[in-house]
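Everything on this sheet refers to the single structure shown next.
A, B, ... follow the sequence lines: proteins, then strands. Residue 1 opens every chain. Computation of the quantities below employed the complete heavy-atom set of this structure, encompassing side-chain atoms and omitting hydrogens, waters and symmetry-equivalent molecules.
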Number of protein chains: 2
Amino acid sequence: MSEKIIKALKNAAIEKKNRQDYFNIAVSVDCVIFGYDNDELYVLLMQSDLEEFQGLNSLLGDLVKPNEDLTEASFRILWERTGLQNVYLEQVHTFGKINRHPSGRVITTAYFSLIDMQHQQLNIAEHQLNWYPVRKVKRLAFDHLEILQLCLHQLQQKVMERPVVFHLLPPLFSLRELQSVFEAILGIELDRRNFRKKIAIKDWIIDTNTLEKEVNHRPGKLYKLKAGLVNNFRPYQ
Amino acid sequence: MSEKIIKALKNAAIEKKNRQDYFNIAVSVDCVIFGYDNDELYVLLMQSDLEEFQGLNSLLGDLVKPNEDLTEASFRILWERTGLQNVYLEQVHTFGKINRHPSGRVITTAYFSLIDMQHQQLNIAEHQLNWYPVRKVKRLAFDHLEILQLCLHQLQQKVMERPVVFHLLPPLFSLRELQSVFEAILGIELDRRNFRKKIAIKDWIIDTNTLEKEVNHRPGKLYKLKAGLVNNFRPYQ
DNA sequence: ATACAAATATGTACTAAAAACACATTAATT
DNA sequence: AATTAATGTGTTTTTAGTACATATTTGTAT
């Protein structure tokens with residue numbers, strides 16, 4: 001982007017008519033909010049009440065405000081719709097097809113977010129949000145299914161390389177739970193012994209010398225994430 | 001994105017005043033165009049004639065038109081500025097900081113592109129474009145240095161996994177040239193024997209049973225990319 | 001024509017990582 | 001005390017990656 005834009009913008013500031021030609025694409029963000037519970041990966045969706053998409057669910061999204069960073073907009077959405085702060089967010093892709101939105105030209109930047117749905121208390125009811133198992137989601141409004149699939153794919157790519165899955169778990173977790181999260185995300189079964197070896201090498205977690213409670217079998221050791229490994233947080237306010 | 005946007009858009013269509021609140025972010029694309037020549041990775045840059053960035057170079061970019069896909073916009077820029085069609089393009093990231101552009105709110109989606117700068121004939125002169133060795137680029141206008149670095153990083157991540165480097169080479173190339181491209185992108189030296197083994201396993205290239213010409217030493221065999229491996233092309237018109 | 005220089009071409013031994021696989025241990029339940 | 005259902009750990013095998021040396025081909029200089 002360069003002098004061509006500069007001229008366009010300066011002209012736009014002067015000639016109101018021209019302005020319409022350059023400022024007529026709306027910008028939104030959409031959040032794919034992943035959660036994990038009981039060996040299953042979930043995504044948080046809302047009912048679309050748009051005629052065109054009657055009965056379909058959609059991702060949580062909103063237009064970006066003029067004085068708002070893209071990332072800020074995503075944090076705001078999470079805050080407004082779920083009451084959550086300090087959430088892990090990662091940009092994935094920007095979708096820009098001309099007719100992707102029935103009501104006008106809207107480009108959207110997709111983020112995915114990982115939250116501990118078991119222990120974070122969400123204000124789900126008041127915004128008609130619900131958790132759905134990712135593998136059962138077959139249709140969504142807009143191009144949101146494509147967005148969901150790409151975000152899942154990106155998560156799958158990343159999950160063994162970077163310590164991100166811990167955002168889906170409570171602060172203390174067993175190796176069994178950790179393995180289940182990986183299996184839910186990757187959609188495959190893993191060998192327990194090899195998995196533990198791999199995790200040990202990564203040096204992501206610390207043995208807390210405490211044990212699971214309230215399980216009806218031999219309790220597993222509880223681990224926590226090593227400090228200083230995660231920095232992609234940002235509170236909304 | 002959902003009913004909230006719908007309402008906003010429908011209101012916007014009716015109330016002109018409101019419209020300004022939603023359609024006041026400009027959208028641009030910026031292209032990081034990589035080329036390769038003589039053991040060096042280059043990037044195509046233009047002079048910024050914006051006062052704020054006097055004497056600095058910038059990437060090639062432009063505002064996205066209301067009736068234009070993001071990808072189309074990138075292909076258009078490449079076509080308009082270089083005369084090239086059938087170029088490899090890949091979206092990398094969208095940059096949305098509020099003050100990233102001195103003349104107004106502009107979010108930009110970055111793409112990188114790989115072209116064969118030795119054999120494609122570019123209309124470089126007429127738009128004051130020049131090739132610069134990537135490793136020597138220390139400053140750019142706007143946030144373009146950050147964009148360049150992220151695109152390079154993404155290219156580095158991708159290069160061993162997917163057959164993309166071939167876009168930087170002519171249709172026939174020697175293993176020596178191929179290795180040099182990898183070395184230029186990754187910024188490290190590779191062992192010739194191990195490199196060849198790795199490439200052989202990937203099954204990306206075919207021996208054409210022809211030899212290099214006009215080299216003042218023993219000529220190497222020429223190879224070509226296997227058919228059907230590349231599908232991310234799109235002509236602009 | 002011969003020797004030399006500069007590149008291509010290729011194979012093997014060693015090391016590290018990944019995959020396959022089995023048995024002992026703990027705590028709750030009966 | 002025996003049973004059940006999980007946790008916890010180690011070894012072998014296979015695969016992939018790294019380090020490394022010599023023969024071959026062509027052009028050039030003598």
Side-chain angles (χ1 to χ4, degrees), chain A residues 36-40 118 156-163 165 169-170 172-224, chain B residues 36-40 118 156-163 165 169-170 172-224:
Chain A
Y36 165 82
D37 190 24
N38 196 233
D39 299 354
E40 182 95 34
Q118 299 165 69
Q156 289 171 336
Q157 295 297 308
K158 186 144 195 173
V159 91
M160 274 298 184
E161 308 306 320
R162 302 283 316 157
V165 287
L169 287 168
L172 298 185
F173 50 86
S174 67
L175 288 175
R176 164 84 190 109
E177 280 176 297
L178 186 60
Q179 181 176 342
S180 295
V181 175
F182 276 90
E183 291 176 333
I185 291 172
L186 297 172
I188 55 174
E189 300 219 325
L190 300 171
D191 179 87
R192 184 155 39 97
R193 292 154 290 186
N194 293 336
F195 173 78
R196 285 166 185 235
K197 219 179 298 170
K198 232 175 201 169
I199 292 295
I201 289 166
K202 304 254 182 238
D203 198 27
W204 287 340
I205 62 174
I206 298 172
D207 186 345
T208 63
N209 292 309
T210 52
L211 295 177
E212 285 181 295
K213 299 274 178 205
E214 296 163 22
V215 285
N216 60 347
H217 53 75
R218 172 177 177 184
K221 288 198 218 174
L222 290 173
Y223 292 77
K224 64 180 180 186
Chain B
Y36 165 81
D37 190 25
N38 195 233
D39 299 353
E40 182 95 35
Q118 299 164 70
Q156 289 172 336
Q157 295 298 307
K158 186 144 197 171
V159 91
M160 273 300 184
E161 308 307 320
R162 303 283 315 156
V165 288
L169 288 168
L172 297 185
F173 50 85
S174 66
L175 288 175
R176 165 85 190 107
E177 279 175 297
L178 185 60
Q179 182 176 342
S180 294
V181 175
F182 276 90
E183 291 176 332
I185 290 172
L186 297 172
I188 55 174
E189 301 218 325
L190 300 172
D191 179 88
R192 184 154 38 96
R193 292 154 290 186
N194 294 336
F195 174 77
R196 284 166 187 237
K197 218 180 302 171
K198 230 174 201 168
I199 291 296
I201 290 167
K202 304 255 182 236
D203 198 27
W204 287 341
I205 61 175
I206 298 172
D207 186 344
T208 63
N209 292 311
T210 52
L211 295 176
E212 287 181 293
K213 299 272 178 207
E214 295 164 21
V215 285
N216 59 349
H217 53 74
R218 174 178 176 182
K221 289 197 216 173
L222 290 174
Y223 292 78
K224 65 179 180 186

Could you check whether B:K197 gets within reach of a base, just the sugar-phosphate, or nothing at all, counting any heavy atom under 4.0 Å?
base
Over how many whole Å does the gap from A:N216 atom CG to C:dT26 atom C1' extend?
14 Å
How would you give the extent of chain A contacts on DNA chain D, as first and last nucleotide 5' to 3' within a 4.0 Å heavy-atom cut-off?
D:dA6 to D:dT11
Side-chain heavy-atom pair A:Y223, A:L178 within 4.5 angstrom cut-off:
no
Heavy atoms only, 4.0 Å cut-off, all strands: where does B:R176 land among base, sugar-phosphate and nothing?
sugar-phosphate
Whole Å only: how far is the CD atom of B:Q179 from the P atom of C:dA9?
11 Å
Check: A:S174 main-chain N/O paired with A:E177 side-chain donor or acceptor under 3.5 Å:
yes
Considering heavy-atom distances to DNA chain C, does B:L175 or A:I201 have its closest nucleotide positioned more toward the 5' end?
B:L175
OP1 or OP2 of C:dA9 under 4.0 Å from side-chain N/O of B:R196
yes
Please collect all salt bridge (charged side-chain N to carboxylate O under 4.0 Å, His left out) contacts where either partner lies in residues 198-210 of chain A, sequence neighbours excluded, each pair once.
A:D203-A:K226, A:D207-A:K221
Within the structure provided, determine whether A:V181 and A:F173 are in side-chain contact (heavy-atom separation under 4.5 Å).
no
To the nearest Å, how far apart are A:L222 CG and C:dA27 C1'?
15 Å
Exactly one of B:L169, B:I205, B:L172, B:T210 should register a side-chain contact (heavy atoms from CB on, under 4.5 Å) with B:K224. Which one does?
B:L172
Compare all side-chain heavy atoms of B:R196 with those of B:R192 and state whether any distance is below 4.5 angstrom.
yes
Round to the nearest Å and state the distance from B:D191 atom CG to C:dT12 atom P.
16 Å
Nearest-Å distance, CD (A:E189) to P (C:dA20)?
13 Å
For the pair made of CG in A:L190 and P in C:dA18, what is the distance, rounded to whole Å?
13 Å
Protein-nucleotide distance (B:K221, atom NZ; C:dT10, atom C1'), rounded to Å
10 Å
Return the 5'-most residue of the pair A:R193, A:P219 with respect to DNA chain C, ranking by each residue's nearest nucleotide.
A:R193
Of B:R192 and B:K198, whose closest DNA chain D nucleotide lies nearer the 5' terminus?
B:K198
Listed partners of A:E40 passing salt bridge (charged side-chain N to carboxylate O under 4.0 Å, His left out), at least two apart:
A:R135
Starting at atom CE of A:M160, determine the distance to atom C1' of C:dA18, rounded to an integer number of angstrom.
12 Å
